[in-house]
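Notes to accompany the following structure.
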Amino acid sequence: MNVFGVDIGGSGIKGAPVDLERGTLAEERHKVLTPQPATPDGVAGCVAEVVAHFGWTGPVGVTFPGVVTGSTIRTAANVDKSWIGVDAGTLLSDRLGGLPVTVLNDADAAGIAEMTFGAGRGRKGTVILLTLGTGIGSALFVDGRLVPNTELGHLELKGHDAETRASTKAKEDEDLSWEHWATRRLSKYLAHVEMLFSPELFIIGGGVSRKADKFLPLIKGVRAEVVPAELQNNAGIVGAGMAAGAA
């Protein structure tokens, strides 16, 4: 069975039909740039463009980079603040001609996919997935059950919002070497999260997971196992499709 998944990010919006039995994309994903400013109307138009690219007419799962309760957006750190309070499910369904839409936090979606088909499969205890990109998303699981909307990228770290120091965007904006970023930024962030939650496993997702060999061996001061996401940057799409399939 295939269900469509869309992953809304701060820099790009991508989607594809998802094979729910295999946890893979059924077709090559289609991506468009996130509009700037990333207003509800602009983003909804891009989601509609991605879905229309495949001629899709069934249920659609959509991730959002912020807290989502029901289908209402509660925070919007890396998109336009006009999203706050918007019923994204209704907005997107209207733009998609009435197709049923399920909306959830982007990192939660990636985590659901990784726990089912990827690096967290079969793992008990406390597992934390972190998506590193424009910001830092998080998904917290206890014995396989999701604690939604944790948004651990916004923990305060040395007087700063953690994602402004340890995200991939921070690395790129400040032109940091892999060693500097991994040892002085990411390691300290992971150690802080570990102090709070004592996870057995960290899964590192987002686009940077494709380059895990460049930074994971440099992580220090963390007791938990740290591994790259197996579904890499497709995890959000897969998780979105899974959420729509379960709705």
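Taking all atoms of both residues into account, the shortest heavy-atom contact from P65 to I8 is CD-O, 3.4 Å. Summarising the geometry of N233 relative to S209, their closest heavy-atom pair is N-OG, 4.3 Å, with the distance given to 0.1 Å. Of all heavy-atom pairs between E179 and T183, the closest is O-OG1, 2.6 Å. Nearest heavy-atom pair, V62 versus A240, reported as atom, atom and distance to 0.1 Å: N-CB, 4.0 Å. Between E194 and G221, the closest heavy-atom pair is OE1-O, 4.2 Å. In terms of heavy-atom proximity, D106 sits nearest to G66 at OD1-N, 4.4 Å.
L130 is listed as a side-chain neighbour of S138, based on a closest heavy-atom distance under 4.5 Å. With a 4.5 Å cut-off on side-chain heavy atoms, Y189 and R165 do not count as touching. Residues N234 and Q232 fail the side-chain proximity criterion, which asks for heavy atoms closer than 4.5 Å. When side chains are defined from C-beta on, L20 counts as touching M242, because their heavy atoms get closer than 4.5 Å. Inter-residue side-chain proximity for W56 and N2 is flagged as met; some heavy-atom pair is nearer than 4.5 Å. Contact annotation: the side chain of L104 never approaches that of V68 to less than 4.5 Å [non-hydrogen atoms, C-beta and beyond]. Residues L155 and L196 are in side-chain contact: their nearest non-hydrogen atoms beyond the backbone lie under 4.5 Å apart. A 4.5 Å side-chain heavy-atom check between V43 and P35 finds at least one atom pair inside the cut-off.
Between the OG atom in S11 and the NZ atom in K31 there is a gap of 5.0 Å [rounded to 0.5 Å]. Going from atom OG1 of T57 over to atom CG of L96 covers 11.5 Å, rounded to the nearest 0.5 Å. The structure places CD of E174 at 9.5 Å from NZ of K169, a figure rounded to the nearest 0.5 Å. Atoms CG and CZ, on L201 and R123 in that order, are 4.5 Å from each other to the nearest 0.5 Å. Interatomic distance, T168 OG1 to L132 CG, rounded to the nearest 0.5 Å: 5.0 Å. Here the CG atom belonging to L186 is positioned 7.0 Å from the CD1 atom belonging to I136, to the nearest 0.5 angstrom.
One N or O on the side chain of W83 and one on the backbone of A38 form a donor-acceptor pair closer than 3.5 Å. With hydrogens and angles disregarded, no donor-acceptor distance shorter than 3.5 Å links the side chain of D80 to the backbone of P40. Although no hydrogens or angles enter the test, the distance criterion places no donor-acceptor pair under 3.5 Å between the side chain of E163 and the main chain of H154. Not a single donor-acceptor pair under 3.5 Å links the side chain of T126 to the backbone N or O of V142. One N or O on the side chain of K171 and one on the backbone of L176 form a donor-acceptor pair closer than 3.5 Å. Side chain of E114 to backbone of E230: a donor-acceptor contact under 3.5 angstrom is found. With hydrogens and angles ignored, the 3.5 Å screen pairs a side-chain donor or acceptor of W181 with a backbone N or O of A166. The backbone N or O of A107 sits nowhere less than 3.5 Å from a side-chain atom of T131 that would complete a donor-acceptor pair. At distances below 3.5 Å, not a single donor-acceptor pair connects side-chain atoms of S71 with backbone N or O atoms of V103. S187 places a side-chain N or O within donor-acceptor distance of the main-chain N or O of A182, the cut-off being under 3.5 Å.
For the residue pair T24/D19, the side-chain donor-acceptor check at 3.5 Å is not satisfied. Using modelled atom types and a 3.5 Å distance limit, the side chains of N105 and E151 yield a donor-acceptor pair. Side chains of S82 and T39: a donor-acceptor N/O pair is absent below 3.5 angstrom, by distance only.
Taken together through direct or relayed side-chain contacts under 4.5 Å among Ile, Leu, Val, Met, Phe, Trp and Tyr, L152 and F202 form part of one hydrophobic cluster. When hydrophobic clusters are built by joining Ile, Leu, Val, Met, Phe, Trp and Tyr residues whose side-chain heavy atoms come closer than 4.5 Å, directly or via intermediates, L33 is not grouped with V51. Cluster membership check: V222 does not share its hydrophobic cluster with L129, using side-chain heavy-atom separations under 4.5 Å among Ile, Leu, Val, Met, Phe, Trp and Tyr. By the criterion of side-chain heavy atoms lying less than 4.5 angstrom apart, applied directly or through intervening Ile, Leu, Val, Met, Phe, Trp or Tyr residues, F64 is grouped together with V60 in one hydrophobic cluster. One hydrophobic cluster holds both L231 and V227 under the rule that ILVMFWY side chains link at heavy-atom gaps under 4.5 Å.
The number of heavy atoms from other shown groups lying within 6.0 Å of CD (Q36) is above 12. Within a 6.0 Å radius of NZ in K81, other residues, nucleotides and ligands contribute more than 12 heavy atoms. No more than 12 heavy atoms of other residues, nucleotides or ligands shown are found within 6.0 angstrom of CZ on R184.
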Assess the residue pair T34 and I13 against the criterion (side-chain contact (heavy atoms from CB on, under 4.5 Å)); give the C-alpha distance rounded to whole Å, side-chain angles, the decisive distance to 0.1 Å, and a yes or no. CA-CA 6 Å; T34 302; I13 298 170; 3.6 Å; yes

Audit row: M115, V127, side-chain contact (heavy atoms from CB on, under 4.5 Å) steps and yes/no: CA-CA 9 Å; M115 293 298 289; V127 177; 3.9 Å; yes

Could you please spell out the steps behind the side-chain contact (heavy atoms from CB on, under 4.5 Å) verdict for V208 and K214? CA-CA 9 Å; V208 76; K214 294 184 180 294; over 6 Å; no

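Taking the six-membered ring where the residue is Trp, F215 and W178 present parallel rings, their angle staying beneath 30° rather than reaching 60°.
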